[in-house]
Amino acid sequence: MAGLEERAGWLIDLYADPRDDLVVWILAEDGARLRLHQPFPITFYAAGPAADLRELWRFLQSDPAPLHLARGERHDLFAGRAIPVLAVRVACPADLGPVFHRAAERFPDLTYYDADITLSLRYAAVTGAFSLSFCRVAYEPSGRLREIESLGTPWELDPPALPLRILAVEPDVNPSHAPPQRLTVCCGNHTYSLDLRPERPLLLNLRGLLREHDPDLLLTTWGDTWLLPELMRLSCEHRLPLPLNRDPCRGVIRKEEKVYFSYGQVIHRGQQVHLAGRWHIDRANAMLWGDYGLEGIFELARITGLPVQTVARTSPGTGISSMQILTALRQGVLVPWHKQQTEDSRSAMDLFYADQGGLVYQPLIGLHRDVAGIDFVSMYPSIMVHYNISPETVGADRPGAEEIPELHMRVDRSHPGLVPLTLKPLLEKRIELKHRIAGLPAWNPQRKRYAAWASAYKWLLVTCFGYLGYKNARFGRIEAHQAVTAYGRETLLLAKEAAEEQGFTVLHLYVDGMWVKRPGASQVADFQPLLDRIAEVTRLPIALDGVYRWVAFLPSRRDARMPVANRYFGVFQDGSLKTRGIDSRRLDTPPFISRVQMAMLELLAGAEDAGALPAKLPGALGLLRRAAADLRAGRIPVADCVVTQKLSRTLEEFRSASPAARALAQLGAAGKSLRPGQRVRFLYIRGDQRVHAWDLPDTPPPEALDHERYLTLLLRAASNILQPLGLEEAVLRDWVLGGAVYLGLPGCWRLEDGLDPGVGLGLLPPPQNLPLPILGDTGWLPEESVRAGRD
DNA sequence: TACAGTCGGGG
DNA sequence: GTGTACGACTGTA
């Protein structure tokens, strides 16, 4: 076409604008940042009794916004057929919200579809151009976009990298703890330190930096909750405009903080500041930032179709929901309007929901060797794809369809369902990523990128199951959820039978994994025939989590004869540890206790074989004794004794003076407030106060700590890992406190099969000869020892 | 002893 | 722009 400019580049932002209809930002290959615009009419639908639809028609005819009305038929997923609808096409996307709300308010009983879909998803469905996709664009000199064509798909493994300009800003301290004094600003190879006062030069300097560098990404720490609101306030006060936005025609978008309930706990989401034409990401407010970083966020944007600033801050559940919506739009299936109803919704759907849904065994308590952990890979999503489980494919009345085990239901496998259609490429790409990761050395940057993506995918897949079961989810249906768990149980039972046929003892089953043992089986090759057999009978992807040198399943702390499903630890053949449910896995355990526990475990992990464990005991006990002595002598830094707990309610709502409530009250008295969902930090101290909130101006000296309390926590943590070796908490306490040792009693050991009872305890040297722990003189145990336990 | 409050899991 | 479970466990009274 004559007079059109053509360019290739990445789609980085997109939003409705009352004057320009739809604004599309392209980061061009040649470095230009293009603000383009185009008309983008949007249609939503209403269904219901014909008379009501006619009334809605008349009502909307007098609506002030330019719109077009038509009758038609559209496919309803749950009805399984096309239904008559009134199509309301709004000329300008910015009008959609107001028009829809006027309609829904006046006619609340009609059913609405496609009414609340994120603009970027609609755009992806209509044009094929998704968030961050590499596109070819053709536009008029005025900026009017005439053509856009995506040159790739979200499923590429090596999409061209964006040449992003990043400006990073970080205050010197956490603003919720103390008032910051200066900002560190990084862009390219330059780093600047800017004083927050006086304010005018600060604003002028920042303005200069923003203009000069024109960043695509403003990467901050506490930018949502403090920095940007503060800068906006200063900019207003001093009447010095600050070009935070790249689009000068728009203001920044602020979203208020909120507290909500999700998966059984209160979540606090700080306020947010979104920019137009460039992104703002606050690492402190970014979901799972530590898990997958910028690369993970970009990949999530690509595959979910959500804007970068949104995926950075939302849960993966929103991502999976968006992917389903995109599938529906592409298939021409109506997307039900999602009412923000807080009705009785006894959804009772956890994202894992092991107790009613998943098969859980009671593990065989104690220490075992010749054990392998075997897991199904993304079991529930794999089941959905393999068995075609989707809200529209499952039901009681499906003649000729496949019968679901245990349930009086059938699943129609003649056409791929919406959910399997959405998940299939995701599962396939994740498996391909894992292959590539395995083939690359650890230092390879591409490997790190893939690992970040794989981590982001993992979370999408984990949450998709919960969505399937939630009855108020757009594409959720309880029967589909039940079908998945039914197939899951059957699958696990098939795996168990296969293991028993091959002479393995099944130690434990947990939803999508199992632990098996057979005397003498200590190599990967010993378990390969079982893996092959399980893959053959279940037709689902199975993987060896690892072969253990030894593994211990812990009993209940209330009753040592009772097993619990989720507390265990073990060492793989390569010496790496796997721990679940023990103190160091918990975020409310003081750091020094976590470190001691992990250090003890690492010492035990040095044993090549369970038989060599007794020789490791003196070292582990020495570590414990040293820790207890350091605690009493005040040699543990108080910062390492801080307990962190998440607040579930406001101060007034606490009915019991729990440690967290006491700390909250102290903070309140000092003028610092915390909201439910935020974490409170405190120390256990002696005296009536019992605790001392950590974020108060003063810090108590080590002598003020409640040593007795910390000693109890320490001994508990130690006994949780030494209990399988026959050392109970009371014994440890006597021993650590330096009293008589009754470690020499034969029969104390509770090692399974073949380990010589009576070995070990008698070999312990007397306490004064114990080897000193592996510590430096100044610091405490290395921080790595804690992280090593978490994967 | 009963009750109140917090945490993890999955990958 | 989410999704209000469950059991184990600890601390308080």
Side-chain angles (χ1 to χ4, degrees), chain A residues 116-118 121 255 258-267 269 272 291 306-307 310-311 313-322 325 338-358 360 375-381 430 434 454-463 465-474 476 510-513 543 545 554-559 562 564-567 580-583 585-589 643-649 653-662 679-680 684 690-691 709 712-713 716 720 790-791:
Chain A
D116 57 345
I117 297 175
T118 307
L121 296 177
K255 304 193 177 193
K258 66 185 242 170
V259 175
Y260 60 92
F261 204 89
S262 167
Y263 303 129
Q265 57 175 327
V266 181
I267 312 268
R269 173 74 45 86
Q272 304 180 4
D291 260 46
L306 288 170
T310 307
V311 276
R313 294 168 173 90
T314 53
S315 69
T318 308
I320 207 79
S321 181
S322 303
I325 290 170
H338 187 233
K339 295 179 194 145
Q340 304 282 19
Q341 57 200 358
T342 28
E343 60 171 63
D344 64 319
S345 78
R346 219 202 71 72
S347 80
M349 286 310 132
D350 171 40
L351 57 163
F352 208 57
Y353 202 49
D355 306 282
Q356 273 187 46
V360 178
D375 295 326
F376 286 93
V377 184
S378 295
M379 186 203 229
Y380 284 166
R430 178 151 191 262
K434 289 200 146 188
S455 164
Y457 284 22
K458 170 185 81 186
W459 286 110
L460 283 177
L461 291 167
V462 165
T463 30
F465 169 67
Y467 274 56
L468 190 62
Y470 180 54
K471 75 171 190 218
N472 286 339
R474 288 184 213 254
Y510 194 85
V511 187
D512 63 352
D545 189 34
L554 293 176
S556 162
R557 285 183 55 85
R558 295 149 158 200
D559 182 346
M562 290 283 292
V564 289
N566 259 321
R567 281 157 47 87
R580 290 296 180 266
I582 61 171
D583 308 63
R585 293 284 299 188
R586 296 176 62 105
L587 296 171
D588 61 346
T589 301
V643 178
T644 304
Q645 285 188 339
K646 191 172 198 170
L647 294 167
S648 65
R649 59 203 74 209
E653 288 162 342
F654 275 104
R655 284 166 290 177
S656 155
S658 69
R662 286 173 190 268
R679 290 180 194 276
V680 65
Y684 288 117
R690 298 195 200 189
V691 302
R709 167 89 76 150
T712 302
L713 295 177
R716 186 190 295 158
N720 280 337
R790 305 192 70 96
D791 31 44

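In the text below, chain A, chain B and the rest are named by the order of the sequence lines, each starting its count at 1.
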Is there a side-chain polar atom (N or O) of A:Lys458 under 4.0 Å from OP1 or OP2 of B:dG10?
no
Would you say B:dT6 has OP1 or OP2 under 4.0 Å from some side-chain N or O of A:Arg586?
no
At 4.0 Å (heavy atoms only), tell me whether A:Thr589 reaches a base, stays on the sugar-phosphate, or touches nothing.
nothing
Establish, yes or no, whether the cationic atom of A:Arg430 lies under 6.0 Å from the six-membered ring centre of A:Tyr457 and within 45° of the ring axis.
no
Is there side-chain contact between A:Pro307 and A:Thr118, with heavy atoms separated by less than 4.5 Å?
yes
So do the side chains of A:Leu587 and A:Lys646 get within less than 4.5 Å of each other, counting heavy atoms only?
no
Mind checking whether A:Lys255 and A:Arg313 have side chains closer than 4.5 Å, heavy atoms only?
no
Identify, between A:Phe376 and A:Ala657, the residue whose nearest nucleotide on DNA chain B lies closer to the 5' end.
A:Ala657
Contact class for A:Thr118 (heavy atom, under 4.0 Å): base, sugar-phosphate, or nothing?
base
Which one is paired to C:dA5, where only Watson-Crick or G-U wobble pairs with both distances under 3.5 angstrom count?
none
Quick check on B:dT6: is either OP1 or OP2 less than 4.0 Å from any side-chain nitrogen or oxygen of A:Arg585?
no
Is any side-chain N or O of A:Arg580 closer than 4.0 Å to OP1 or OP2 of C:dA8?
no
Check this one for me: any side-chain N or O of A:Arg567 less than 4.0 Å away from OP1 or OP2 of C:dC9?
yes
From the set B:dT6, C:dA8, C:dT12, return the single nucleotide nearest to any side-chain atom of A:Val564.
C:dA8
Base, sugar-phosphate, or nothing: which does A:Arg649 touch, judged by heavy atoms less than 4.0 Å apart?
sugar-phosphate
